[in-house]
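Okay, structure first, notes after.
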Amino acid sequence: MALTLWRDARLVTLAGDTGWGLIEHGALLADGDTIAWAGPEAELPAGLAPEAEHRLGGALVTPGLIDGHTHLVYGGDRAREFELRLQGASYEDIARAGGGIRSTVAATRAADEPALFAAALPRARALAADGVTTLEIKSGYGLELEAEARCLRVARRLGAETGLTVRTSFLGLHALPPEHEGRADDYVTAAIGWLPALHAQGLVDAVDAFCETIAFTPAQVERFFAAARTLGLPVKLHAEQLSDQGGAALAARHGALSCDHLEWLSPAGVRAMAAAGSVAMLLPGAFYCLRETKLPPLAALREAGVPVALATDHNPGTSPILSPTLVMNQACTLFRMTPEEALRGFTVNAARALGLAERGRLVAGQRADLAVWDLGHPAELAYWIGRAPCRGTVLGGIAR
């Protein structure tokens with residue numbers, strides 16, 4: 001394999017369970033797409049003959065960011081709903097009036113595959129420009145077999161076009177489509193029926209659902225997850241965003257990779273997640289955009305040892321955000337996370353939430369996904385607002 005050396009860098013390795021793992025005057029050696037060595041430049045192994053060498057001028061280098069919860073592929077926008085919420089309408093009011101997710105479903109169904117790709121590509125590139133090297137993309141705006149497949153194919157194509165690692169989630173239980181009004185159980189049966197075909201086409205890495213009073217009941221989600229597990233697919237869940245439905249405990253029983261949102265998470269839900277090893281995926285962008293006031297139980301999650309991840313939750317209705325560094329600032333300002341927790345939320349713990357153990361740290365054996373920043377200290381990633389400090393990224397050992 002080809003050896004590539006990056007030197008004259010300040011490495012934020014995140015090597016231990018706590019601390020930045022900061023190495024001043026550091027260097028990193030990649031063997032193909034894998035980190036072979038990282039440490040102080042003065043301790044570089046002797047006799048190296050790298051094919052390429054890059055001097056970074058003292059730049060800060062972190063693991064590439066991992067955005068583990070996005071809804072990147074969709075048609076249209078929901079700017080009008082933004083206005084309605086400012087005029088006093090709630091998220092639930094808009095959803096029950098036929099807006100919300102259903103309005104995006106209509107726009108997405110009306111868009112062909114090239115149009116969906118053309119709309120989503122600038123969004124993926126915007127995330128990459130803010131340090132993202134790995135990305136999760138959910139379906140859930142088609143809510144019929146061909147439209148869901150179309151969105152998942154676009155997600156796969158985005159990975160091929162950008163070089164980003166893209167993981168897909170079939171969010172079959174996102175909202176009830178209009179043609180199934182009053183027949184939610186029938187829709188769940190239909191979504192379960194689509195799953196084997198989507199899986200056979202290589203379009204699904206995980207299965208997701210929205211367990212909420214305006215979405216699907218725990219019993220319906222239970223059926224959906226049972227079908228996913230039969231196919232060997234991992235699950236994750238939009239849980240306890242607007243109310244406590246016991247969704248986190250349900251997901252934990254199925255060994256969920258993550259439970260996401262969690263503003264209304266109960267002590268029992270925290271215990272269940274801790275026992276199952278599920279990651280708490282907090283989404284401060286949606287919290288901010290919906291002007292929520294119920295904070296997720298961060299102290300309880302810390303005490304229970306539940307890993308906490310962060311994501312943009314990019315979507316057209318409740319989190320039209322394309323900046324992980326902005327979300328880090330929101331997490332610190334709104335949720336009182338520390339800057340270190342915020343960076344770990346977009347690296348080590350986000351990797352766990354996607355089942356990707358081979359990335360998220362700058363240590364030997366991990367994938368050589370790096371983000372290079374024009375910053376002096378890693379705390380600045382969460383400090384600056386509106387600044388674009390990412391100089392570039394390295395994807396699998398290849399500079400972008």
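Just so you know, these numbers come straight off a predicted model, no measurement behind them.
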Are F287 and F335 near enough that their ring centres are under 6.0 Å apart?
yes
Go through the steps to decide whether L343 and W20 satisfy the test side chain to side chain contact (heavy atoms under 4.5 Å, CB included), and finish with yes or no.
CA-CA 9 Å; L343 180 57; W20 298 110; 3.7 Å; yes
Please step through salt bridge (Lys or Arg N to Asp or Glu O under 4.0 Å) for the pair R109 and E179, ending with a clear verdict.
CA-CA 13 Å; R109 287 179 173 182; E179 64 270 20; 2.8 Å; yes
Do other residues, nucleotides or ligands put more than 12 heavy atoms under 6.0 Å from E303 CD?
no
Please work out which of the three classes, parallel, tilted or perpendicular, describes the rings of H261 and H238, given edges at 30° and 60°.
tilted
Expected output: side-chain E358 to main-chain R367 donor-acceptor under 3.5 Å:
no
Can you tell me if NE2 on H377 sees more than 12 non-hydrogen neighbours from other groups inside 6.0 Å?
yes
Can you check whether L362's main-chain N or O pairs, donor with acceptor, with T13's side chain at less than 3.5 Å?
no
Closest contact, heavy atoms only, L231 versus H199:
O-NE2, 3.7 Å
Same cluster or not: V207 versus L143, using hydrophobic residues (I, L, V, M, F, W, Y) connected whenever any side-chain heavy atoms lie under 4.5 Å apart?
yes
Ionic contact status for E341 with R344, cut-off 4.0 Å
no
Would you check if T18 and E340 make a side-chain contact, meaning some heavy-atom pair closer than 4.5 Å?
yes
Determine, using the 4.5 Å side-chain heavy-atom cutoff (strictly less than), whether F346 and L334 are members of one ILVMFWY cluster.
yes
Flag side-chain contact, heavy atom, 4.5 Å: L381 against L375
yes
Distance (rounded to the nearest 0.5 Å) between E144 CD and T108 OG1
10.5 Å
Is it true that, when you exclude W264 itself, more than 12 heavy atoms of the residues, nucleotides or ligands shown sit nearer than 6.0 Å to its CH2?
no
Over all heavy atoms of both residues, which pair between G75 and L116 is shortest? Give the atoms and the distance, please.
N-CD2, 3.9 Å
L121 backbone acceptor or donor facing E161 side chain under 3.5 Å:
no
Given 3.5 Å as the limit, does a donor-acceptor pair link the side chain of R150 with the main chain of A111, or not?
yes
One pair to check against side chain to side chain contact (heavy atoms under 4.5 Å, CB included): K236 and L354. What are the steps and the verdict?
CA-CA 9 Å; K236 51 184 64 184; L354 296 182; 3.4 Å; yes
Can a side-chain donor-acceptor contact be found between T62 and W373 if the only test is distance below 3.5 angstrom?
yes
Please answer whether the main-chain N or O of R361 pairs with a side-chain N or O of Q366 as donor and acceptor at a distance below 3.5 Å.
yes
Does any non-hydrogen side-chain atom of L242 lie less than 4.5 Å from one of T213?
no
M281 with Y288, same ILVMFWY side-chain cluster at under 4.5 Å:
no
Answer yes or no: is there a side-chain heavy-atom contact under 4.5 Å between L158 and V73?
yes
Separation between CG (L326) and CZ (R387), nearest 0.5 Å, reads 15.0 Å
What I'd like to find out is whether the side chain of H71 reaches to under 4.5 Å of the side chain of H174, using heavy atoms alone.
yes
Validation row, ring centre W194 to ring centre Y187 under 6.0 Å:
yes
Determine whether V394 and L5 fall in the same hydrophobic cluster, where Ile, Leu, Val, Met, Phe, Trp and Tyr are linked whenever their side-chain heavy atoms lie under 4.5 Å apart.
no
Taken to the nearest 0.5 Å, the spacing of L237 CG from L262 CG works out to 9.0 Å
Okay, side chain of E212, backbone of A239: is any donor-acceptor separation there less than 3.5 Å?
no
If we only count heavy atoms from C-beta on, is the R223 to D185 side-chain gap below 4.5 Å?
yes
Is S103 reaching over with its side chain to a backbone N or O of G100, donor-acceptor style, under 3.5 angstrom?
yes
Can you tell me if S139 uses its side chain to pair, donor with acceptor, with the backbone of C151 under 3.5 Å?
no
Checking side chain to side chain contact (heavy atoms under 4.5 Å, CB included) for the pair L65/D67: CA distance, chi angles, key distance, verdict?
CA-CA 7 Å; L65 303 187; D67 194 353; over 6 Å; no
Donor-acceptor pair between T4 and E51 side chains, under 3.5 angstrom
no
Taking atom CG of D17 as the centre, does the number of heavy atoms from other residues, nucleotides or ligands within less than 6.0 Å exceed 12?
no
Just do the side chain to side chain contact (heavy atoms under 4.5 Å, CB included) check on L295 and R336 with the steps written out, would you?
CA-CA 10 Å; L295 291 166; R336 303 298 189 266; over 6 Å; no
Verdict with supporting geometry, R7 and E41, salt bridge (Lys or Arg N to Asp or Glu O under 4.0 Å):
CA-CA 7 Å; R7 61 195 312 167; E41 188 167 339; 2.7 Å; yes
Closest heavy-atom pair, N329 versus Y383, reported as atoms and distance to 0.1 Å, is ND2-O, 3.6 Å
Can you find a side-chain donor-acceptor pair between R78 and T318 that sits under 3.5 Å?
no
Indicate the atoms forming the closest heavy-atom contact of I94 with A89, along with that distance.
CG1-CB, 4.0 Å
Okay, side chain of R391, backbone of L56: is any donor-acceptor separation there less than 3.5 Å?
yes
Could you report the tightest heavy-atom contact between L86 and R291, atom names first, then the distance?
CA-NH2, 4.1 Å
Considering all heavy atoms of both residues, which atom of A9 and which atom of V61 are nearest to each other, and what is their separation?
CB-CG2, 3.8 Å
Are the side chains of Q245 and V221 in contact, using a 4.5 Å heavy-atom criterion?
no
Would a single hydrophobic cluster contain both L310 and V132, if residues Ile, Leu, Val, Met, Phe, Trp and Tyr are joined by side-chain heavy-atom contacts under 4.5 Å?
yes
Donor-acceptor pair, E148 side chain versus G142 backbone, under 3.5 Å?
yes
Interatomic distance, L203 atom CG to R153 atom CZ [nearest 0.5 angstrom]
7.0 Å
Side-chain donor-acceptor contact under 3.5 Å, T70 with R123:
no
Report the relative orientation of the aromatic rings in Y74 and Y141; use parallel for angles under 30°, tilted for 30 to 60°, perpendicular for over 60°.
perpendicular
To the closest 0.5 Å, what do you measure between CD1 (I66) and OG1 (T347)?
6.5 Å
Once you round to the nearest 0.5 Å, how far does OG1 of T168 lie from CG of L135?
11.0 Å
Is the shortest side-chain heavy-atom distance between P339 and C332 below 4.5 Å?
yes
